[in-house]
Structure formats: C-alpha cells, structure tokens
**Q** 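Below you will find the structure I want to go over with you.
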Amino acid sequence: MIHIVICDDDDNYGIVLSKKIEKYMQHNIDDEYDVICVNSLDALNELYSAVCIDILFLDIMLGEQNSIDTLIRDFIGYDFQLILMTGYPEEAYNLSETNCCYYLVKSRMTNEQLDKALALALKSRTNNESTLIMIRNKRKALTVDTENLIYVESFRNSVCLHYVNGEVVTVYQTLKHLCEKLPLCFLKCHKSYIINMNYVKSYKPYLFQTSDGTNVPIAHKKFASVTASYRKYIRQIGGR
C-alpha cells in the first residue's frame, strides 16, 4: 500500500490535487494506494505517528506558518518522499535545508509537472525501500531479506520462499497476507506465485524465467496484464 498525503490549508485545492494524483496512479501504478488530505501541521503530525507516509505533498505556507521550519524541527530523519509546493515562492528561502525530491509553484504547475513529480517520487521510493520485512511464522517472528528473494510459491496455508543461494524456507502464512508486506518489485503473476521482478531474465507465454533459470508460471488469463505490469515496473526504475 502506497500512502500519499497532501497537507494544504486550502481544502478545495487539496481535493483538486488528490483527484489529479488518483488519475495518475490509476494509469501508472498497479499497487494499492490511498490519498489522504490534511489541512494543518498538527493534523499532519498526528497522521505521521499513525501512518507510514510514502509521499508527502506539503504546502510551504500553512496560514502564517512556514511548514519547512516545522519539518526541519519535528520530522527529523523522515523517510517519505517530499514534494514541496507553494503559491509564495519568496517563502521557499529554506528549501535547501530539506531533502525534497520536487518543488512545485502552484500558479505554474501543469499536469505534466505533477506527473513528473509523482514519477520521480515513486522511483525514489522504490530505490530507498527497505528490503527487510518481518512476518509471523507460527509463534515466531521471522525477518526476511527480500533483496535476495527470487520468488514465492504457495501450498495451501504455507508459502515457500526461494532465495538466490538456493535456500528454500517454508513459512506458515497465506500468499495474500505475505503479498501485502512485500516491496513494489514483487508481482503476483499466478494464484500460487509471486515473483521478484528484479530477477526476471525473460518471459514468454506463460512463463517468467528468472536469472537462475527457474521457470515461474504466469496465469493464462492474466498474461497481458501481468507482463504489462512488469514492463511498467522496468520503465519506472529507469531500466530497459
């Protein structure tokens, strides 16, 4: 799930922007997402403590407050992708003190600029995404390094994790539950398989071939949509 947050004290502007973001996401991203609007720094701070924000659109001036000052003071070490926007460019004097991935001037913002900002934020999010996840295995908590995980295969209420070094680990969990925890590079290509797209060497009807030569099935009815998702992912990360 990708959590996108808009923090702007103009509620109407937030609604318009959220619709544009949703349009872009529907056409370009297959992962689940939500867009949340808040209109104050207090509301943002409260949300930040409850939700893992992935992308934040932050208006620089919220009433009389310069939100960058608050960001520097209260959001130390934030790991979301920050897109700053303003109707008052002169208030962006401390822009260099942030780690924003894009800066938008509201009066000059076009749909193309918004799309570019989102594409860059999503790409940076993918590059910075943690490779470690924690899952429950009966009464134990198991840490999984997804960077070395090639594909996942399910058998009823258990799944087999297939690693680069040939190791296979069985975990008593459903494929659906595991899929919700995996990074964006993982694609459900079959009702019983999830593949790490970073290890795809080639594909054909109705198989992915991984870098170690393993054939992972692709559902016949979903071949077109699955391979389209794979090509979209490769374009997103700037590959071939």
**Q** Going by ring pair (Phe, Tyr, Trp, His ring centres under 6.0 Å), name the residues that satisfy it together with Tyr13, two or more places apart in sequence or in a different chain.
**A** none
**Q** Looking at residues at least two apart in the chain, or sitting in another chain, which of them share a side-chain contact (heavy atoms from CB on, under 4.5 Å) with Asp212?
**A** Ile150, Thr210, Thr214
**Q** Is it true that atom CD of Glu32 has more than 12 heavy atoms of other residues, nucleotides or ligands lying nearer than 6.0 Å?
**A** no
**Q** Report yes or no: does Asp9 contribute a side-chain atom to a donor-acceptor pair with the main-chain N or O of Gly63 at less than 3.5 Å?
**A** yes
**Q** Between Asp34 and His3, does a side-chain contact (heavy atoms from CB on, under 4.5 Å) hold up when you go through it step by step?
**A** CA-CA 5 Å; Asp34 58 14; His3 298 294; 2.9 Å; yes
**Q** Could you pull out the closest heavy-atom pair between Phe80 and Ile53, with the gap in Å?
**A** CB-O, 3.2 Å
**Q** According to salt bridge (charged side-chain N to carboxylate O under 4.0 Å, His left out), who are the partners of Lys106, at least two apart in sequence or on a separate chain?
**A** Asp8, Asp59
**Q** I'd like to know if the side chain of Ser158 and the backbone of Tyr172 have a donor-acceptor N/O pair within less than 3.5 Å.
**A**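 Between the backbone of Tyr172 and the side chain of Ser158 there is no qualifying donor-acceptor contact (under 3.5 Å).
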**Q** Extract all donor-acceptor atom pairs below 3.5 Å that involve side chains of residues 113-121 and protein atoms in other chains or at least two apart in sequence.
**A**
unit_1	atom_1	unit_2	atom_2	d
Gln113	OE1	Thr110	N	3.1

**Q** How close do Lys191 and Ser154 get, counting heavy atoms only, and between which atoms?
**A** O-OG, 4.2 Å
**Q** So His162 and Tyr151, would you call those rings parallel, tilted or perpendicular, with 30° and 60° as cut-offs?
**A**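 Plane angle under 30°, so parallel.
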**Q** Tell me every residue that passes side-chain contact (heavy atoms from CB on, under 4.5 Å) with Glu46, counting only those two or more places apart in sequence or in another chain.
**A** none
**Q** Can you name the closest pair of heavy atoms from Thr227 and Ala224 and give their distance?
**A**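 Smallest heavy-atom distance, with atoms named: OG1-O, 3.2 Å.
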**Q** Centre-to-centre under 6.0 Å for Tyr199 and Phe208, is that the case here?
**A** no
**Q** Would you say that more than 12 heavy atoms from the other residues, nucleotides or ligands in this model lie under 6.0 Å from the CG of Asn157, or not?
**A** no
**Q** Under 3.5 Å, sequence neighbours excluded: what are the donor-acceptor pairs made by side chains of residues 16-26?
**A**
unit_1	atom_1	unit_2	atom_2	d
Ser18	OG	Gly14	O	3.3
Ser18	OG	Ile15	O	2.7
Lys20	NZ	Asn111	OD1	3.4

**Q** Are Tyr203 and Arg231 linked by a side-chain donor-acceptor pair shorter than 3.5 Å?
**A** yes
**Q** Assess whether side-chain contact (heavy atoms from CB on, under 4.5 Å) is satisfied between Met61 and Ile68, documenting all intermediate values.
**A** CA-CA 8 Å; Met61 290 304 298; Ile68 297 180; over 6 Å; no
